[in-house]
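To keep things clear, I will list the structure first and then write my remarks on it.
Heavy-atom basis, side chains included; hydrogens, waters and symmetry copies ignored. Convention: sequence-line order gives letters A, B, ...; per-chain numbering from 1.
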Amino acid sequence: MAFGAEGDGEVQALDGTGGPRRVPDLAAEIRELERTEGPRWVWESTARDYPRLLAAGVRVARCHDVELTEGLLLARDGVFGGPRSAAAVLARRRGVEPPADRPREDQPSLFGGAPPTPLADVVAAWRVQDERLGALRLLAAAESAGGLAAAEMSHDGVPWRADAHDALLTELIGPRPAPGMRPRLLQNLADSISAAFGSHVNPDSPQQLLKAFAQVGHPVSSTRRWELRKVDHPAVPHVLEYKELARLYTAHGWSWLDAWVRDGRFRPEYVVGGVVSGRWASNGGGALQIPKVLRRAVVADEGWSLVVADAAQLEPRVLAALAGDGAFTEAAAQGDLYAALADAFPETPGGPSRRDKAKIALLSAMYGGGTGEAVALLAVLRARFPAAFDYVEEAARAGERGASVSSLLGRVSPSGTAEYRELITTAEGRRAALSRGRFTRNFVVQATAAEWALALLALLRLRLRDRRAHLVFYQHDEVIVHTPDDEVEEVRAAVAEAAGEATELLFGRTPVVFPLHTSVVASYADAK
DNA sequence: ACTGGGGGCGCC
DNA sequence: AAAGGGCGCCCCCAGT
């Protein structure tokens with residue numbers, strides 16, 4: 001049964017047995033109904049309202065999130081970035097222009113504040129969506145579950161040792177500087193760079209760097225790392241080191257620590273479905289770009305552990321399951337897919353190993369690479385694994401002509417605009433077409449991989465419901481569970497079972513396996 | 001003083 | 001080894 005909860009403290013059973021009821025304490029009411037009925041809650045926005053429930057100590061198992069669902073339905077109709085509120089859903093149904101979504105701070109809330117969305121509107125919007133879902137039903141449920149998991153992870157936070165973070169920064173770039181100053185070791189590097197060039201150069205300025213390299217007889221077309229690495233000049237090692245450490249300082253230095261870590265927890269804000277492919281994005285805090293070196297600051301509480309699990313070779317396995325290529329699927333039934341493919345590729349003395357060749361060929365096929373040596377490797381892939389090759393090739397062709405493509409569960413990519421279709425008839429349009437082809441080629445794999453990972457997350461979340469262990473981090477193909485030591489084995493098992501269940505849910509009975517690398521560690525830095 | 005594009009790099 | 005896909009965030013710098 002579904003229950004609507006919205007407005008100024010109202011709930012309603014959605015099986016036709018009764019109208020809306022106003023309740024004095026909505027959080028308490030939801031807690032009780034969750035216990036006795038276990039419904040799928042229908043509400044407008046998990047991101048907006050669930051944090052308040054969590055703060056009140058209430059968690060729910062399932063929901064239908066009107067806004068997330070509308071995002072999926074709109075994409076199916078070729079609309080991206082349109083308003084997704086209940087009011088927008090109802091306006092579209094009536095054939096009138098939907099109102100823009102209100103800015104977050106003006107939005108109504110389950111708990112007062114701005115004028116609430118009427119429960120009747122949310123219920124009506126749900127009915128509209130429920131009728132329209134069709135093949136998107138499973139994805140909408142998964143996306144909504146993702147919304148719950150995201151809010152819960154933000155609420156619980158990643159255990160983060162500010163002292164370890166500070167010590168690491170001090171070791172790498174020197175102690176925290178006075179405002180406006182560079183940390184000592186960064187300043188030393190900047191000085192070395194100027195000394196090597198024989199003139200003052202600000203390494204934060206790509207333009208100054210370009211000019212400086214030109215003046216010392218080493219013109220470069222950009223100051224990218226791989227470009228500079230080719231240059232033989234004494235400034236280069238200092239520049240490369242400066243870039244690496246300066247990035248750590250600006251993006252994850254002390255101001256980041258001040259802004260994002262409190263009471264031993266890093267609480268990022270996830271944006272569920274924030275990427276067209278269905279991957280999540282994050283809003284502030286850079287939750288999905290934490291530098292590896294900082295993993296040392298992620299440390300389980302005393303008496304607790306981190307269970308870190310990441311899916312191995314997820315994307316090529318997804319391609320295997322999607323394409324159903326006999327020989328390729330057989331390789332994907334093995335623990336090391338690339339090794340299982342290696343035999344198909346020729347040995348060349350002094351060149352990459354056969355396993356590396358298999359990997360290069362696969363990555364090129366999935367990302368749209370294929371220059372230089374990869375050309376020959378792609379030809380091998382095409383000859384030996386035609387169905388897998390054709391699967392991504394067909395997606396690329398569709399993209400090039402401006403069509404959209406879909407993931408397994410029905411997430412739809414943006415299609416080419418009218419301008420795009422015009423453009424590709426011209427000679428200059430070829431570049432744009434190739435670029436779009438690379439995008440759609442990757443979309444079918446990346447979006448389906450995101451669905452597998454989302455299913456894993458959702459199913460694992462349900463398995464952990466009655467435990468003290470809880471999910472604290474999720475990043476594309478990886479989850480971290482913070483667990484009391486005495487639940488470690490149960491959590492390990494839960495992760496493995498959830499992965500199996502996710503595979504079955506998406507692909508049914510497939511020979512393809514989706515192995516997880518699972519580590520139980522005190523610090524994230526020790527995983528793998 | 002603010003804004004927005006570009007360059008560059010962190011993660012997958 | 002380099003080069004393809006997806007992001008967010010920071011800096012610089014030129015435009016207002």
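At whole-Å resolution of the value, CG in A:L294 and C1' in B:dC9 are 14 Å apart. A:R225 has its CZ atom 18 Å from the P atom of B:dG7, to the nearest Å. Computed from coordinates, the A:I290 CD1 to B:dC11 C1' distance equals 9 Å when rounded to whole Å. Atom OH of A:Y270 and atom P of B:dC12 are 13 Å apart (whole Å). When the P atom of B:dG7 is taken as reference, atom CG of A:L228 falls 15 Å away, rounded to whole Å. Atoms CH2 (A:W280) and C1' (B:dC12) sit 14 Å apart, rounded to a whole Å. Following rounding to the nearest Å, A:E478 (CD) and C:dC7 (P) show an atom-to-atom distance of 20 Å. If you take CZ of A:R279 and P of C:dG6, they are 10 Å apart, rounded to a whole angstrom.
Counted within 6.0 Å of CD on A:E393, heavy atoms from surrounding residues, nucleotides or ligands total more than 12; the atom is thus considered enclosed.
Residues from residues 431-458 of chain A lying near DNA chain C, meaning a heavy-atom separation below 4.0 Å, are A:R438, A:F439, A:N442, A:Q446 in numerical order. Of the residues in residues 387-399 of chain A, none has a non-hydrogen atom less than 4.0 angstrom from any atom of DNA chain B.
The ring-ring contact (aromatic ring centres under 6.0 Å, His included) test applied to A:F514 returns A:W452, A:F507, not counting sequence neighbours.
Sorted by first and then second residue, the ring-ring contact (aromatic ring centres under 6.0 Å, His included) pairs with a member in residues 352-378 of chain A form an empty list; sequence neighbours excluded.
Ring centroids of A:Y524 and A:W160 are separated by 6.0 Å or more, keeping the two rings apart. For A:H476 and A:W280, the gap between ring centers reaches or exceeds 6.0 Å. The ring of A:W254 has its center no closer than 6.0 angstrom to the ring center of A:W260.
Between A:S277 and C:dC7 there is no side-chain polar atom (N or O) within less than 4.0 angstrom of OP1 or OP2. Note on A:K243: every side-chain N or O is 4.0 Å or more away from OP1 and OP2 of B:dG8.
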TODO: Would you please test A:F197 and A:F213 for ring pair (Phe, Tyr, Trp, His ring centres under 6.0 Å) and show each step?
DONE: CA-CA 8 Å; A:F197 282 123; A:F213 275 109; 5.0 Å; yes
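Taking for each of A:P352 and A:A281 the nucleotide of DNA chain C with the nearest heavy atom, the 5'-most of the two is the partner of A:P352. Judged by closest nucleotide on DNA chain C, A:E373 is the one of A:V275 and A:E373 placed further toward the 5' end.
For the pair A:R397 and A:E400, the salt-bridge criterion is met [side-chain N within less than 4.0 Å of a carboxylate O]. Using a cutoff of 4.0 Å between basic side-chain nitrogens and carboxylate oxygens, A:R161 and A:D163 are scored as salt-bridged.
With hydrogens and angles ignored, no donor-acceptor pair under 3.5 angstrom links the side chain of A:R224 to the base of B:dC9.
Counting heavy atoms from C-beta on, the side chains of A:L248 and A:P291 come closer than 4.5 Å. Contact check for A:F473 versus A:V481: no side-chain heavy atoms found under the 4.5 Å cut-off. Within the 4.5 Å cutoff, the side chain of A:S407 has no heavy atoms near those of the A:Q446 side chain.
Of the possible polar contacts, one joining the A:K357 side chain to the A:P346 backbone as a donor-acceptor pair under 3.5 Å is found.
Note on ring orientation: taking the six-membered ring where Trp is involved, the planes of A:H470 and A:H482 are perpendicular (angle over 60°, cut-offs 30° and 60°).
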Give each protein N/O atom lying under 3.5 Å from an N/O atom of nucleotides 9-16 of chain C, with the pair distance.
unit_1, atom_1, unit_2, atom_2, d
C:dC9, OP1, A:G284, N, 2.3
C:dC12, O3', A:S205, OG, 3.4
C:dC13, OP1, A:S205, OG, 2.5

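Pairing analysis of DNA chain C (Watson-Crick: purine N1 to pyrimidine N3 plus N6-O4 or O6-N4; G-U wobble: N1-O2 and O6-N3; both under 3.5 Å) yields stems of 3 or more pairs at B:1-12 with C:5-16.
Nucleotide C:dG8 is shown with an anti base, its glycosidic torsion being more than 90° from 0.
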